[in-house]
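Structure record follows, encoded as structure tokens.
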Amino acid sequence: MARYDRAITVFSPDGHLFQVEYALEAVRKGNAAVGVRGTDIVVLGVEKKSAAKLQDSRSVRKIVNLDDHIALACAGLKADARVLINRARIECQSHRLTVEDPVTVEYITRYIAGLQQKYTQSGGVRPFGLSTLIVGFDPYSGVPSLYQTDPSGTFSAWKANATGRNSNSMREFLEKNYKETSGQETIKLAIRALLEVVESGGKNIEVAVMTKEHGLRQLDEAEIDAIAAEIEAEKEAAEAAKKAPPKEI
């Protein structure tokens, strides 16, 4: 194996590109991120590492705007994310300037995935060590979308998905609990999925909500704490109902 993981362009005899697999491992060790698509809203949530005492936490954002109607969250190497985000923003602006129309969510996802794939096929470079969740509203039909890309350059559309640390646990939770929701219920589902893997509750979660009318809005800590408390109360009520003796007829 050691001979085949030194160059990005060399396949191993059993068909692996080891550098791409190592990039996927960097994603698995990154912060947890989740995206949920509702009927009239899309929600992104990420695990937030606790900031140093003297650090301005507003300068460490893991959910960003690419355009007025498109946002991105990522898991993996943040420095790689910054480069990819800047390239995507320039493409959004260039598209507006050239075509005089905003990009669709699928178009910018395809662009980002193409960029990630290019860095798996050229000598002297390495893959981007990050996976992205891209959400937004189609500028023509107004339909919400959620896409995921990974370091290999693969992309796909989802109703709800997770990436990063413990993403399998979150994906299983979403598979069991997902149903078409709107508004507050969609936000609650995304936060519930994150709380499955984030131990210290609402203070270590960053959540952003996108609607067609108002674009992207970051929820402040008090709002997230209120929803987390509501979720906890619902859990306790469900546990109490299970433990309660059956009523006599």
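Atom set for the values below is all heavy atoms of this structure, side chains included, hydrogens, waters and symmetry mates excluded.
Phe11 places none of its side-chain heavy atoms less than 4.5 Å from the side chain of His16. Residues Leu24 and Ser152 are not in side-chain contact: their nearest non-hydrogen atoms beyond the backbone lie 4.5 Å or more apart. Side-chain contact check for Val34 versus Leu44: every heavy-atom pair is 4.5 Å or farther apart. Using a 4.5 Å heavy-atom cutoff, the side chains of Leu189 and Phe173 are in contact. Side-chain contact check for Ile187 versus Leu219: some heavy-atom pair is nearer than 4.5 Å. A heavy-atom distance below 4.5 Å is found between the side chains of Ile85 and Leu66. The shortest side-chain heavy-atom distance between Thr104 and Pro139 falls under the 4.5 Å cut-off. A heavy-atom distance below 4.5 Å is found between the side chains of Asp220 and Glu223.
Side-chain contact, Ser145 with Glu106: no donor N or O sits under 3.5 Å from an acceptor N or O. Of the N and O atoms on the side chains of Ser131 and Gln148, at least one donor lies less than 3.5 Å from an acceptor on the other residue.
Between atom CD1 of residue Ile224 and atom CD1 of residue Ile205 there is a gap of 7.0 Å, rounded to the nearest 0.5 Å. Here Glu206 contributes atom CD and Arg61 contributes atom CZ; the two are 5.0 Å apart, rounded to the nearest 0.5 Å. In this structure, CG in Asp225 is found 12.0 Å from CD in Glu232, a value given to the nearest 0.5 Å. Note that the CD atom of Glu25 and the CZ atom of Phe18 stand 13.5 Å from one another [nearest 0.5 Å]. Glu234 CD to Arg192 CZ: the interatomic distance, rounded to the nearest 0.5 Å, is 7.0 Å. With rounding to the nearest 0.5 angstrom, the SG atom of Cys74 is 9.0 Å from the CG atom of Leu133.
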Test side chain to side chain contact (heavy atoms under 4.5 Å, CB included) on Thr181 and Ile41; report intermediate values, then the result. CA-CA 9 Å; Thr181 54; Ile41 191 173; over 6 Å; no

Should Gln116 and Val20 be marked as a side chain to side chain contact (heavy atoms under 4.5 Å, CB included) after you check the CA-CA gap, both sets of side-chain angles, and the distance that decides it? CA-CA 10 Å; Gln116 286 180 295; Val20 175; over 6 Å; no

Could you walk me through whether His95 and Tyr107 pass the ring-ring contact (aromatic ring centres under 6.0 Å, His included) test, one step at a time? CA-CA 10 Å; His95 189 278; Tyr107 175 90; 4.8 Å; yes

Is there a side chain to side chain contact (heavy atoms under 4.5 Å, CB included) between Arg87 and Leu115? Walk through the geometry before answering. CA-CA 9 Å; Arg87 296 278 288 272; Leu115 203 55; 3.1 Å; yes

Candidate pair Val135 and Ile70, rule side chain to side chain contact (heavy atoms under 4.5 Å, CB included), full reasoning: CA-CA 6 Å; Val135 301; Ile70 297 176; over 6 Å; no

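Contact record, Ala75 with Thr163: CB-CG2, 3.9 Å, taken as the closest heavy-atom pair. In plain terms, the two heavy atoms of Pro144 and Arg37 that are nearest each other are O-CD, 3.3 Å. Heavy-atom minimum distance, Leu130 versus Thr132: CD1-CG2, 3.9 Å. What you find for Ser182 and Asp40 is that their closest heavy atoms are CB-OD1, 3.3 Å. Ala193 and Met170 make their closest contact through O-CG, 3.4 Å (heavy atoms, listed as atom of the first residue, atom of the second, distance). The two atoms that bring Leu146 and Ala160 nearest to each other are CD2-CA, 3.7 Å, heavy atoms only.
Sparse packing is recorded around CZ of Arg82, with 12 or fewer heavy atoms of other residues, nucleotides or ligands lying under 6.0 Å away. For Glu180, the CD atom counts as densely surrounded, since its 6.0 Å shell holds more than 12 non-hydrogen atoms of other residues, nucleotides or ligands. Within a 6.0 Å radius of CD in Gln121, no more than 12 heavy atoms belonging to other residues, nucleotides or ligands are found.
Listed by first then second residue, pairs satisfying ring-ring contact (aromatic ring centres under 6.0 Å, His included) with a partner in residues 129-150 number zero, not counting sequence neighbours.
Clustering ILVMFWY residues whenever any of their side-chain heavy atoms sit less than 4.5 angstrom apart, transitively, puts Ile63 in a cluster other than the one holding Ile134. Hydrophobic clustering (ILVMFWY, side-chain heavy atoms < 4.5 Å, transitive): Val207 and Val46 are in distinct clusters. Residues Leu77 and Leu84 fall into different hydrophobic clusters, defined by Ile, Leu, Val, Met, Phe, Trp and Tyr side chains chained together at heavy-atom separations under 4.5 Å. Grouping the Ile, Leu, Val, Met, Phe, Trp and Tyr side chains by contacts below 4.5 angstrom, directly or via other members, places Val83 with Val64. Hydrophobic cluster membership is shared by Ile231 and Leu194, with clusters built from Ile, Leu, Val, Met, Phe, Trp and Tyr side chains linked at under 4.5 angstrom.
Residues Lys212 and Asp138 are not paired through a salt bridge, judged by the lack of any N-O separation under 4.0 Å between the basic side chain and the carboxylate. Using a cutoff of 4.0 Å between basic side-chain nitrogens and carboxylate oxygens, Glu185 and Lys179 are not scored as salt-bridged. A salt bridge between Glu175 and Lys159 is absent, with no side-chain N of the basic residue lying under 4.0 Å from a carboxylate O of the acidic one. A salt bridge does not link Arg89 with Asp67: none of the charged nitrogens is closer than 4.0 Å to a carboxylate oxygen.
In this structure a side-chain-to-backbone donor-acceptor pair under 3.5 Å is present from His69 to Val103. Of the possible donor and acceptor atoms, one in the side chain of Thr120 sits under 3.5 Å from a partner among the backbone N and O of Gln117. In terms of modelled atom types and a separation under 3.5 Å, the side chain of Ser94 and the main chain of Ile90 share no donor-acceptor contact. No donor-acceptor pair closer than 3.5 Å links the side chain of Thr154 to the backbone N or O of Asp150.
When each of Arg165, Lys48, Lys78, Glu47 is paired with Asn31, the side-chain hydrogen bond (donor to acceptor under 3.5 Å, both in side chains) condition holds for Lys78 and for no other.
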